[in-house]
2 protein chains.
Amino acid sequence: MAARKARKRRKTYHHGDLRNALVHAALDIISSGGPEPITLREVSRRVGVNHRAAYRHFEDLTALLAAVAEEGYRALIDTLDETLAPLRRANPERRLEALGVAYVAFAVDHPAHYRIMFGRRLNEDGRFPILEDLVERAYGVLAGEIRAAQAAGRFAELPTREAVFSVWSLAHGFASLALVRRIRVKRALLEGYTRQLLAPVLAGLRT
Amino acid sequence: MAARKARKRRKTYHHGDLRNALVHAALDIISSGGPEPITLREVSRRVGVNHRAAYRHFEDLTALLAAVAEEGYRALIDTLDETLAPLRRANPERRLEALGVAYVAFAVDHPAHYRIMFGRRLNEDGRFPILEDLVERAYGVLAGEIRAAQAAGRFAELPTREAVFSVWSLAHGFASLALVRRIRVKRALLEGYTRQLLAPVLAGLRT
DNA sequence: ACCTGAACACCGTTCAAGT
DNA sequence: ACCTGAACACCGTTCAAGT
């Protein structure tokens with residue numbers, strides 16, 4: 001029926017923004033939580049085009065998934081930036097904690113994006129270098145706060161890289177375990193719980 | 001050719017230990033690192049039987065993967081136990097650190113097992129409760145050391161559960177990021193690197 | 001009891017068209 | 001330029017047999 005709707009909406013032979021429509025159909029499939037796998041054919045079906053039409057916009061299925069991942073990374077970076085915006089005057093530690101909380105919340109609130117972003121290694125063949133750039137930018141947000149905390153004399157002078165990886169690993173690990181329900185947390189308690197888990201690392205970095 | 005070999009080895013109509021053969025063929029496929037997906041047909045092909053034969057032993061593909069995961073959890077638990085064995089007289093902190101290092105090393109050295117264990121949620125429908133039991137046992141090993149450290153007055157009296165999740169999240173997150181090469185570490189440096197990442201959490205728990 | 005074989009409804013991807 | 005349709009070599013799973 002999604003197919004029928006899409007077909008009604010356009011009078012022309014051309015779709016208009018097929019590329020975007022395909023990306024969001026892919027997201028819908030995963031977000032709906034059902035057991036439906038993301039397939040090129042199902043995605044095209046939802047958009048209301050022949051499955052071959054997708055090849056105009058994506059070289060193959062992996063390229064479509066890479067587009068989903070790219071959108072996800074951009075959304076994550078935006079979320080992290082927006083998290084910091086109202087905290088301009090807060091101390092670096094609180095800002096770092098807020099980043100960790102926002103990161104985990106993003107994963108839990110966008111499980112479809114997150115799984116594509118961190119599930120398979122899409123850039124295995126170096127086909128999508130943009131993905132590496134975006135990860136680097138997200139990393140940079142975290143690293144910036146850790147450097148600021150160190151500059152303010154609040155954090156020990158460990159190598160920044162290792163400090164970032166400690167925090168990132170913890171946030172990513174918790175998010176992943178929550179997504180596969182190995183750790184069960186009610187959404188309303190997520191932020192507080194994340195703070196509890198982050199507390200030891202942050203305390204440890206302080207020494 | 002694997003098929004031919006298997007066919008030669010047995011003279012009888014029956015395979016002997018088909019179930020086990022299937023589980024290990026599945027592992028071989030993922031371990032080989034190639035892009036070959038684990039399919040019931042490919043697994044059966046490697047063992048040298050008709051793909052329908054697998055259904056004698058596994059209700060469906062998910063059940064086969066669950067068997068792989070089960071074996072993985074048992075191996076992980078064994079690894080953790082063996083890690084603690086020579087450290088009976090060490091202090092709880094060192095034992096906990098050793099567990100974290102062993103956990104990450106297990107993931108990196110058994111990527112096939114690890115991905116099946118923590119990738120999809122195989123027990124979604126409650127079909128494989130054994131998997132939950134085994135995760136619980138692995139969790140118990142970690143929890144035991146944290147409780148011991150607390151009892152020895154070395155760790156602050158935080159709730160054990162949250163302390164375990166901090167350490168587990170960090171180890172799991174680091175392992176996952178290393179597996180998808182978001183964090184790149186040479187195998188020879190893995191243990192030392194893991195210790196560096198764990199250091200802040202362990203220090204934080206100490207306060 | 002254990003394995004096979006044909007059949008069905010799905011895939012991704014290629015090639016050769018249609019508008 | 002953009003989309004379609006038939007075809008190919010794959011899937012998982014079901015049903016009806018073979019030894």
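Order of the sequence lines sets the chain letters (A, B, ...), proteins ahead of strands, with each chain counted from 1. Everything numeric in this text was worked out from a predicted model, so none of it was measured.
- For B:Arg121, the CZ atom is densely surrounded, since the number of other residues' heavy atoms within 6.0 Å is greater than 12.
- Not a single side chain to side chain donor-acceptor pair (under 3.5 Å) links B:Glu136 to another residue, sequence neighbours left out.
- With a 6.0 Å radius and a threshold of 12 heavy atoms from other residues, nucleotides or ligands, B:Arg195 has its CZ atom above the threshold.
- Regarding contacts with the backbone of C:dC2, every side-chain N or O of B:His57 stays at 4.0 angstrom or more from both OP1 and OP2.
- Applying the ring-ring contact (aromatic ring centres under 6.0 Å, His included) test to A:Phe106 and every residue at least two apart in sequence or in another chain returns A:His110.
- Separating the CZ atom of B:Arg56 from the P atom of D:dT13 is a distance of 16 Å, rounded to the nearest angstrom.
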Taking only Watson-Crick and G-U wobble pairs with both distances under 3.5 Å, what dot-bracket line describes DNA chain D, where [ ] shows pairs that cross earlier ones and | shows pairs with another strand?
||.|||||...|||||.||
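- Qualifying side chain to side chain donor-acceptor pair (under 3.5 Å) partners for A:Glu71, counting only residues two or more places apart in sequence or in other chains: A:His24, A:His113.
- Taking the six-membered ring wherever Trp is involved, the centroid distance between the rings of B:Phe165 and B:Tyr139 falls below 6.0 Å.
- With sequence neighbours excluded, the residues forming a side chain to side chain donor-acceptor pair (under 3.5 Å) with B:Glu70 are B:Arg74, listed by chain and number.
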One pair to check against side chain to side chain contact (heavy atoms under 4.5 Å, CB included): A:Phe155 and A:Leu96. What are the steps and the verdict?
CA-CA 11 Å; A:Phe155 275 9; A:Leu96 187 57; 3.6 Å; yes
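- Between the CG atom of B:Asn50 and the P atom of D:dT14 there is a distance of 15 Å, given to the nearest Å.
- If you take CG of A:Asp17 and P of D:dC2, they are 12 Å apart, rounded to a whole angstrom.
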Kindly give the atom pairs (protein nitrogen or oxygen, nucleotide nitrogen or oxygen) under 3.5 Å for nucleotides 10-12 of chain D.
| from | atom 1 | to | atom 2 | distance (Å) |
| --- | --- | --- | --- | --- |
| D:dC11 | OP1 | B:Arg45 | NH1 | 3.1 |
| D:dC11 | OP1 | B:Arg45 | NH2 | 3.2 |
| D:dC11 | OP2 | B:Arg45 | NH2 | 2.8 |
| D:dG12 | OP1 | B:Leu40 | N | 2.6 |
| D:dG12 | OP2 | B:Leu40 | N | 3.3 |
| D:dG12 | OP2 | B:Arg41 | N | 3.0 |
| D:dG12 | N7 | B:Arg41 | NH1 | 2.3 |
| D:dG12 | O6 | B:Arg41 | NH1 | 2.9 |

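- As rounded to whole Å, 16 Å separates atom C1' of D:dT13 from atom CZ of B:Phe58.
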